[in-house]
Amino acid sequence: MPKLAIRGGKPLRARKWPEWPVYDRSEERALLRVLRSRNWGGYPEPNTEATAFAAEFARAHGARFGICCANGTVTLKVAFRALGLRPGDEYVTTPYTFAATAVAGLECGLSPVFADVDPETYCLDPKQVEKAITRKTRAIVPVHLACSMADMDAIMEIARRRRLFVVEDCAHAHGGKWREKCAGAIGDFGSFSMQSSKLVTAGEGGVLLTSDAALAGRAHSLVNCGRREPQYGPIEAPMIGYNYRITEWSAAVLRCQLSRLAKQNAHREKMMAALEAAVADVPGIRPLSRDPRHTVRHGYQFILRYDPARFGGLHRDRFVEALEAEGIPCDGEFYSSLYRHPLYNVKDPTHPASRMRLGLRRHPCPHADRAGWRE
């Protein structure tokens, strides 16, 4: 066996990895088109490029309406408010996610309640959701994590029976499908991020999907400072809105990025299958399980579970260091449980949400903790 690179040996891989984001002349032409139009901003909302991208993205995901936003955090805030959630309401979500899934709710005066993940997929476990519901619960927020999707059959059944809203956090899931229905088009809203690492990106940006015309109208109004434009349809009452509009620069780039998504996802699917086959016989390394109802995988980041017992008790982070030394880029902590995360546990007396975290309920989440710190 050759000497490990972490101990001074020659790295196994020296060839550069593919760069991201991918772009070509189509993005250049799109940016020049916007430049020459002198119509760069998000007003009127939705503007020309934003209207086109929202329609194209919604059509690609089987939803009726798309609403562009500045990023994939404010999409969640807009969804909560458009659904009529009020300060003090609760929603059940996973702790194994980025801080925005919970912080967006806090910003609306809501209380996120954490329930554990399924140990096979690291997505929100419907059985734990059921246990976390109280008379204050108004919504469920599943997160489609990395290459996996939450069990949307079970989550939608709970939501219908309990009369709860469902907001899908699809920041990782562009183009993913559950029983051939696209992520983001199953619940009341689907929230997508277009941040730099995402599968469709303009550096920043976000999109909400819904098939409910009234919800779409409210969302547009909230994004556009509370304005009530005729094209939004009848809105029951004025709302305090925000300027969460997307720029024409971003929307134009996103149209180009979206045109490649299906082909890129098909390529990722092949690469994921090859990697799964390659590690199948490696003791102590195991991919997340794929539910057969997850008919199209989106391939955002590929998670491998690490068993330290099979490596003499070596901590996961040390194993990652050895891999990186060999020229294989990887991370140890993908996420850690939010109730332990520094971006969530901020004590900021200038923000009302800082008080609201006190006494927040959570149920035991051993699977999320193990995923974040060991596996």
Side-chain angles (χ1 to χ4, degrees), residues 1-22 94-99 116-123 143-148 171-173 176 195-199 201 264-291 294 297-344 365-375:
M1 180 178 178
K3 189 176 183 181
L4 294 176
I6 200 169
R7 293 177 176 166
K10 184 178 179 181
L12 288 174
R13 182 184 175 99
R15 187 158 54 97
K16 284 183 65 177
W17 285 75
E19 293 183 312
W20 184 262
V22 171
T94 168
Y96 195 66
T97 181
F98 184 61
D116 206 3
V117 299
D118 182 329
E120 292 301 311
T121 65
Y122 288 175
C123 291
V143 177
H144 302 316
L145 183 88
C147 306
S148 299
H172 301 175
Q195 178 264 351
S196 296
S197 69
K198 301 305 191 293
L199 302 182
T201 181
Q264 288 173 337
N265 274 349
H267 178 71
R268 292 182 183 109
E269 181 73 78
K270 292 179 182 178
M271 296 299 99
M272 286 188 285
L275 181 54
E276 286 168 341
V279 301
D281 298 324
V282 178
I285 297 292
R286 188 161 61 100
L288 294 178
S289 299
R290 178 179 182 177
D291 191 307
H294 187 186
R297 278 196 292 186
H298 36 276
Y300 172 62
Q301 291 200 16
F302 192 89
I303 293 180
L304 291 166
R305 283 176 285 195
Y306 172 76
D307 181 0
R310 302 303 296 267
F311 293 89
L314 186 73
H315 192 275
R316 173 202 64 192
D317 294 350
R318 186 61 173 162
F319 183 84
V320 166
E321 287 178 24
L323 273 180
E324 290 181 326
E326 299 292 352
I328 310 298
C330 57
D331 292 311
E333 181 187 306
F334 182 45
Y335 291 127
S336 62
S337 298
L338 272 187
Y339 44 78
R340 304 178 187 272
H341 198 282
L343 285 180
Y344 188 71
C365 300
H367 299 309
D369 287 341
R370 186 165 61 249
W373 297 100
R374 293 182 56 210
E375 290 185 349

Next item on the list: For the residue pair E326 and L4, establish whether any side-chain heavy-atom pair is separated by less than 4.5 Å.
Entry: yes
Next item on the list: Walk me through it: do V320 and Y306 pass the test side chain to side chain contact (heavy atoms under 4.5 Å, CB included)?
Entry: CA-CA 10 Å; V320 166; Y306 172 76; over 6 Å; no
Next item on the list: State the CZ-CD distance between R316 and E321, to the nearest 0.5 angstrom.
Entry: 11.5 Å
Next item on the list: Nearest 0.5 Å please: distance from the CZ atom of F302 over to the OG atom of S148.
Entry: 9.0 Å
Check: Once the angle between the rings of Y335 and Y96 is folded into 0 to 90°, is it parallel (under 30°), tilted (30 to 60°) or perpendicular (over 60°)?
Finding: perpendicular
Margin query: Using every non-hydrogen atom in the two residues, find where A5 and A325 come nearest and quote the distance to one decimal.
Written below: CB-O, 3.3 Å
Note to self: Taking R297 first and then E269, would you say they form a salt bridge - that is, a charged N and a carboxylate O separated by under 4.0 Å?
What the structure shows: yes
Margin query: Taking the side chain as everything from C-beta on, heavy atoms only, tell me whether T97 gets closer than 4.5 Å to Y122.
Written below: no
Check: For the atom pair OG (S289) and CD (E276), what is the distance rounded to the nearest 0.5 Å?
Finding: 9.5 Å
Next item on the list: Could you grab the distance from atom CH2 of W373 to atom OG of S336, nearest 0.5 Å is fine?
Entry: 5.0 Å
Next item on the list: State, yes or no, whether a side-chain contact exists between I285 and R305 at a heavy-atom distance under 4.5 Å.
Entry: no
Notebook entry, point to check: Is there a side-chain contact between C123 and L145, using heavy atoms and a 4.5 Å cut-off?
Noted result: yes
Check: Looking at side-chain heavy atoms only, is the closest gap between D369 and R374 below 4.5 Å?
Finding: no
Checklist line | Min side-chain heavy-atom separation L338-F98 under 4.5 Å | finding: no
Next item on the list: Tell me, with the steps shown, if L199 and R268 meet side chain to side chain contact (heavy atoms under 4.5 Å, CB included).
Entry: CA-CA 11 Å; L199 302 182; R268 292 182 183 109; 3.6 Å; yes
Next item on the list: First locate atom CG of L304, then atom CZ of F319, and finally report the distance between them rounded to the nearest 0.5 Å.
Entry: 8.5 Å
Margin query: Within this structure, what is the CG-CG distance for the pair L323 and D331, rounded to the nearest 0.5 Å?
Written below: 11.5 Å
Next item on the list: Please report the closest heavy-atom contact between A146 and I303, naming both atoms and the distance.
Entry: CB-CD1, 3.8 Å
Check: For atom NE2 of H267, is the number of surrounding heavy atoms from other residues, nucleotides or ligands below 6.0 Å larger than 12?
Finding: no
Next item on the list: Check whether any side-chain heavy atom of T94 sits under 4.5 Å from a side-chain heavy atom of V143, and report yes or no.
Entry: yes
Check: Taking the side chain as C-beta and beyond, is there a heavy-atom pair between H367 and E120 under 4.5 Å?
Finding: no
